[in-house]
Amino acid sequence: MTEKRVYNFSAGPSMLPVAVLEKAAKQMLNYEGSGMSVMEMSHRSSSYLDIFEKTKGLLKKVMNVPDNYKIVFIQGGATQQFSMVPLNLLKNGKADYAITGAFSKKAAAEAKKYGDIHIVYDGSSYDFKHIPTQDELDLSKDASYLHICANNTIYGTEWKYVPETNGVPIIADMSSNILSKPVDVSKYGMIYAGAQKNMGIAGLGVAIIREDLLQDVAQTTPVLLDYKLMIKNDSMYNTPPAYAIYVLGLVLEWIDSLGGLEVMKERNEKKAKLVYDYLDQSTFYKAHSDKENRSLMNVTFTTPNKDLDAKFVKESIEAGMTNLKGHRSVGGIRASIYNAMPYEGVEKLVAFMKEFEENNR
Ligand code: PMP
């Protein structure tokens, strides 16, 4: 079955570990003697509640989530969090947002519907190649929170430090780098992510929220957008995205069995180094982002011109690698090398890059 698989460099939904897919396949028709698939289970059944608790417990363990944080599973992807964050966490109507790419821009635009949003940094005039340094952040003293996007999936940049905010809670969209390396959760007020990259499959959003930030929401807030209510009902106010939570559990088991997030970080650094080192010595390719802000997950670069970019993408597909085309808003090439991308996939990509350079320079 596995020999026909391609190296899929998609930004998301993206590759899953083969071990996870194999286990899901094995359990597809009859989950641990229950006589049914996880897809067919009542979310209130004891079999499913075991899966749910195990998944939550594993996330807490793998990410080392402190006891004063709550884990919530929600539908609506990361985009729904763009609305939920201001709806739930704007205390005085004010919040700070750093715009480092397309998704943080969308998050800020959504928040503007609900409050007075101050933009602490906007990297659009620099093609989002850069992540602001602490000195470049124009932070407010009275913001309810600072929102950042920890990894910019489209541009291939990543925050390498947690800003100092003088007590203002940081809310981080970690959709494209969650579980890729250890994170000190206690430095954040809240972390959230869509699951379809390092956490599993689409249909699930995960939020990890510091308890003391929770407050009552306006009467008009839809029930499913109320963190407090969702937490009170342990993410089961209604039917949760049950299968996606099960897959997250399998992914977490896989990470845990390999040694956890320290090991993920080592593996990811090794993979990213292989491509970036090649890009740095090449006069043919050009990396998109500033060297000090480069993402471990999304490597973005261009060939000398658009025609060659298109040729690169076409020939890479013929060579067994898919989804290397850059996002439609920026063009070029993007190689997303999440946790599930094996080192061999990146070796194959770099060998292809070399050959392509030799044939087209
Ligand atoms: N934030 C980031 C950093 C993303 O990469 C994405 C999706 N690629 C989103 C938010 C939006 O996620 P969703 O499609 O789950 O709403």
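Residues: numbered from 1 along the sequence shown. In each ligand, atom 1 is the first atom listed, and ligand 1 is the first ligand listed. From a predicted model like this one, the values you see are computed outputs, not experimental measurements.
Under the 6.0 Å distance and 45° angle rule, Lys106 does not count as a cation-pi partner of Phe82.
Considering only heavy atoms from C-beta on, Phe301 stays 4.5 Å or farther from Asp309 through its side chain. For the pair Ile178/Met199, a side-chain contact is recorded, criterion being any heavy-atom separation below 4.5 Å from C-beta on.
In this structure, His147 has its ring center under 6.0 Å from that of Tyr97.
With salt bridges taken as basic N to acidic carboxylate O contacts below 4.0 Å, one links Asp67 and Lys60.
With values rounded to the nearest 0.5 angstrom, Met264 atom CE is found 13.0 Å from Glu269 atom CD.
Protein residues are said to neighbour a ligand when one of their heavy atoms lies under 4.0 Å from it; for ligand 1 these are Gly77, Ala78, Thr79, Phe82, Phe103, Cys149, Asn151, Thr153, Asp173, Ser175, Ser176, Gln196, Lys197.
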